[in-house]
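Data first, discussion second: the structure below is written as structure tokens.
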Amino acid sequence: MRHLISIADLDRADIERLLETARALDGIEERLPTLTGRLVLTLFYESSTRTSSSFELAAKRLSAETMSIRATGSAVDKGESLKDTVSTLSAYDPAAIVIRHPQVGAPLLVARNASAHVVNAGDGKHQHPTQALLDLYTMRQAFGGLDGLHVAIVGDVLHSRVARSLTQALHLVGAQVTLVGPPTLLPRGVEADGVATSTEIAAVGEADCVYVLRLQRERMESAHVPSLREYAARWGITPERLRPGQKVMHPGPINRGLELDGRVADSPDSLILEQVRAGLAVRMAVLHDLLAADAPVAEAAAVA
Ligand code: NCD
């Protein structure tokens with residue numbers, strides 16, 4: 001694997017390998033020597049807590065040096081300035097560049113202008129492949145397998161790179177997806193790709209796992225929802241809308257009381273903190289795969 005820009009870069013075998021590598025690395029608290037002397041650069045042009053912190057920690061756990069650059073995208077001419085930033089930082093010879101950017105395609109632009117391996121940590125509404133991988137990892141741990149699993153992805157699907165990446169990834173591993181939300185927040189034409197949709201919130205009841213999306217207010221150009229109060233009433237995931245024991249996930253950050261009731265978020269059926277934990281192992285696995293594919297994971301772990 002040269003870069004990880006989109007789930008479309010992966011086939012089922014790649015996903016299996018990455019999840020296996022993550023499992024081998026999961027829970028190892030010592031530093032592994034795998035990436036000693038290599039530099040991992042993280043460039044975040046959009047806000048992030050989980051993704052940026054877990055990439056940085058993942059790189060450190062593999063003994064890489066890290067350099068973290070944060071910028072807000074609003075005031076800069078993104079195309080040119082991003083190229084300039086990348087060529088400047090390339091002088092330090094990074095082995096990998098992890099980038100989050102509001103503009104679709106920014107990670108590809110970086111990949112074309114740098115010799116480093118590039119990981120997309122979220123580009124606009126397009127893709128967030130490591131989130132999809134950590135979600136698959138979490139589901140596999142919770143359900144024992146992915147083939148035939150039924151996942152309802154509910155809420156603001158239209159603006160969600162998480163939903164886009166996860167739908168593709170679940171499809172690759174043989175799981176079934178239903179996108180649930182108001183008609184204004186469901187993308188058009190997805191049924192043609194074999195994805196089921198429903199505009200009835202009750203449809204979540206049929207799924208093994210309910211994956212709740214954040215209402216992406218920052219990406220809404222016009223009034224996609226009548227009012228937040230009405231959205232919460234009609235689409236919010238409350239204990240009453242779930243079957244006992246039904247598992248719930250959310251990529252974070254949560255708008256408590258809007259798309260997800262706090263009682264659900266904090267219940268024993270919530271996998272949300274598992275997702276955060278999985279983020280570290282999965283991002284270690286991705287860096288390992290891109291930068292040290294020949295180093296056997298098990299041996300690396302045994303050394304430590
Ligand atoms: C997501 C993102 O930024 O795409 N969050 C994350 O990476 N944990 C989802 C979101 O912001 O709603």
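Values below: every heavy atom of this structure, side chains too, minus hydrogens, waters and symmetry copies. Predicted model, so just to flag it, every value in this text is computed and none were measured. Read the numbers this way: they start at 1 and go in the same order the structure lists the ligands and their atoms.
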Using distance only, find each side-chain donor-acceptor pair of residues 136-147 under 3.5 Å and give its atom names and separation, not counting sequence neighbours.
| unit_1 | atom_1 | unit_2 | atom_2 | d |
| --- | --- | --- | --- | --- |
| Y137 | OH | D26 | OD2 | 2.7 |
| T138 | OG1 | L134 | O | 2.7 |
| R140 | NH1 | E16 | OE1 | 3.1 |
| R140 | NH2 | E20 | OE2 | 2.9 |

Sequence neighbours left out, cut at 3.5 Å: what donor-acceptor pairs do the side chains of residues 113-122 make with other protein atoms?
| unit_1 | atom_1 | unit_2 | atom_2 | d |
| --- | --- | --- | --- | --- |
| N113 | ND2 | L109 | O | 2.7 |
| H117 | ND1 | R2 | O | 2.7 |
| H117 | ND1 | R2 | NH1 | 3.2 |
| H117 | NE2 | L290 | O | 3.4 |
| N120 | OD1 | G122 | N | 2.7 |
| N120 | OD1 | D123 | N | 3.3 |
| N120 | ND2 | I5 | O | 2.9 |
| N120 | ND2 | D123 | OD1 | 2.9 |

_Residue pair E206, T178: steps toward the side-chain contact (heavy atoms from CB on, under 4.5 Å) verdict_ = CA-CA 10 Å; E206 290 157 26; T178 306; over 6 Å; no
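Every residue was checked against the salt bridge (charged side-chain N to carboxylate O under 4.0 Å, His left out) condition with R50, not counting sequence neighbours, and none meets it.
Contact residues of ligand 1 (protein heavy atom closer than 4.0 angstrom to a ligand atom; sorted by chain and number): R50, T51, R100, H128, Q131, R161, V162, R214, Q216, P251, G252, P253.
At a threshold of 4.0 Å, the pair D156-R214 does not count as salt-bridged, since none of the basic side-chain nitrogens sits closer than that to a carboxylate oxygen. Note on R256 versus D266: salt bridge recorded, some NZ/NE/NH1/NH2 to OD/OE distance being below 4.0 Å.
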